[in-house]
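Contents: one structure, followed by commentary.
Side-chain atoms are counted along with the backbone in the values below, which use heavy atoms only and exclude waters and symmetry mates. The structure displayed is predicted, hence computed values, not measured ones. Each chain gets a letter, A, B and so on, in the order the sequences are listed, and its residues count up from 1.
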Protein chains: 2
Amino acid sequence: MNTEELDRVFGALSDATRRGMLAQLAQGETNVSALAAPYAISQPAASKHLRVLERAGLIEKTRRGREQYVRVVPGPLDEAGGWIAHYAAFWRHQFDAVEAYLATAKEQKR
Amino acid sequence: MNTEELDRVFGALSDATRRGMLAQLAQGETNVSALAAPYAISQPAASKHLRVLERAGLIEKTRRGREQYVRVVPGPLDEAGGWIAHYAAFWRHQFDAVEAYLATAKEQKR
DNA sequence: AGTATTCATAGCCATATGGTTATATATTTG
DNA sequence: CAAATATATAACCATATGGCTATGAATACT
């Protein structure tokens, strides 16, 4: 995954409404109205959120008659999760090292 | 972690410069100048990026003399990773179910 | 003391988000 | 065919980002 794609994926995840839509889509595909229903927002606002999710490659839409069915594309999310997991190991390690150092220093002091 | 905090964490991760800074911080704490050095941006721009990371709770700064030392706070990242991992299971499952269905449908057709 | 370094803040600009209302288009229903 | 439904798009507004230059404040160096 290239950099701009990661930008868009994390950007798409930075809004509670869009995260909620993705969570709802974990239960299976639905149409745009059903995705918009839980939120106190206008229909165009919901469409905009879906456009952000779509540009991030996180969802795909299929038109069936007048309805648009939406489903999650798991790939980009896996990669975003992978990015975090990869560095989290280093950060956690470093954090633990500092903790250990502080514990040792405290011990020395005693 | 509350919703706005998750918003800010994912928002902070949605920029390549900030992700790069976090990656650099995996090797240990450094000062602001060292973090800014790899990027062709002005010093105030770097400070802004760090402010975004700080407001997201991803870093902490300690002033030592005229220098400001920056280090990663791993907690919020773990939670962001956890959010993705939690739903990824559902999404992946659903994706596999669709795959399986399509495979079955294809089989039926033969 | 005077200069250089490190960093933050203020002020400005362009673009993206997140929301709105109004309107257009396509499909389904009566 | 007419009306209702589902969705998209346009146009507008406010706020946040991401960048810049200019400047201020604190610390360190000579």
Side-chain angles (χ1 to χ4, degrees), chain A residues 2-25 28-71 76 80, chain B residues 2-25 28-71 76 80:
Chain A
N2 65 31
T3 300
E4 293 110 45
E5 212 174 331
L6 252 193
D7 287 2
R8 283 191 293 267
V9 171
F10 281 124
L13 294 178
S14 74
D15 181 90
T17 301
R18 287 192 292 266
R19 285 197 305 277
M21 287 173 162
L22 288 175
Q24 186 175 344
L25 287 169
E29 71 172 21
T30 32
N31 62 13
V32 174
S33 303
L35 283 169
Y39 309 99
I41 57 174
S42 65
Q43 171 261 315
S47 281
K48 268 198 187 180
H49 281 301
L50 291 172
R51 229 170 73 91
V52 172
L53 289 168
E54 195 174 21
R55 287 209 315 149
L58 291 171
I59 61 168
E60 276 175 3
K61 297 191 279 187
T62 310
R63 184 165 281 279
R64 281 212 283 279
R66 67 184 158 182
E67 287 167 82
Q68 192 93 249
Y69 281 86
V70 181
R71 66 191 167 288
Chain B
N2 64 33
T3 300
E4 293 109 45
E5 212 173 332
L6 252 193
D7 286 4
R8 284 192 292 267
V9 171
F10 281 125
L13 294 178
S14 74
D15 181 89
T17 300
R18 287 192 291 267
R19 285 197 305 277
M21 286 174 162
L22 288 175
Q24 186 176 344
L25 286 169
E29 71 173 20
T30 32
N31 62 13
V32 174
S33 303
L35 283 169
Y39 309 99
I41 58 175
S42 66
Q43 172 261 313
S47 280
K48 267 199 188 179
H49 282 301
L50 291 172
R51 229 171 74 90
V52 173
L53 289 168
E54 196 174 20
R55 288 208 314 150
L58 291 171
I59 62 168
E60 276 175 3
K61 297 192 279 189
T62 309
R63 184 166 281 279
R64 281 211 285 277
R66 69 184 157 182
E67 287 167 82
Q68 191 93 247
Y69 281 85
V70 181
R71 64 190 169 287

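Side-chain N/O atoms of B:Lys61 include one lying less than 4.0 angstrom from OP1 or OP2 on C:dA8. Within the structure, a side-chain polar atom (N or O) of A:Ser47 is placed less than 4.0 Å from OP1 or OP2 of D:dA8.
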Subject >> Base versus backbone protein contacts along nucleotides 1-6 of chain C [heavy-atom cut-off under 4.0 Å; B, S, -] >> reply: ---BBS

**OP:** For nucleotides 16-23 of chain D, just jot down a letter per nucleotide in 5' to 3' order: B, S or -, based on protein non-hydrogen atoms under 4.0 Å.
**Re:** -SBBSBB-

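Taking NE2 of B:His49 as the start and CE of B:Met21 as the end, the distance is 6.0 Å to the nearest 0.5 Å.
Between A:Leu50 atom CG and C:dG18 atom P the separation is 13 Å, expressed in whole Å. Rounded to whole Å, atom C1' of C:dG18 lies 15 Å from atom CD of B:Glu4.
Contact of the A:Phe10 side chain with the B:Arg19 side chain is registered, since non-hydrogen atoms from C-beta on lie closer than 4.5 Å. The shortest side-chain heavy-atom distance between B:Leu22 and B:Ile59 falls under the 4.5 Å cut-off.
Around atom CZ of B:Arg63, more than 12 heavy atoms belonging to other residues, nucleotides or ligands sit under 6.0 Å away.
B:Arg71 places no side-chain N or O within 3.5 Å of a backbone atom of B:Glu29 that could act as its donor or acceptor partner. Formation of a donor-acceptor pair under 3.5 Å by the A:Arg18 side chain with backbone atoms of A:Gly11 is found in this model. With hydrogens and angles disregarded, a donor-acceptor distance shorter than 3.5 Å links the side chain of A:Gln24 to the backbone of A:Ala34.
Scanning all heavy atoms of the two residues, the minimum distance from B:Arg55 to B:Arg8 falls at O-NE, 3.2 Å.
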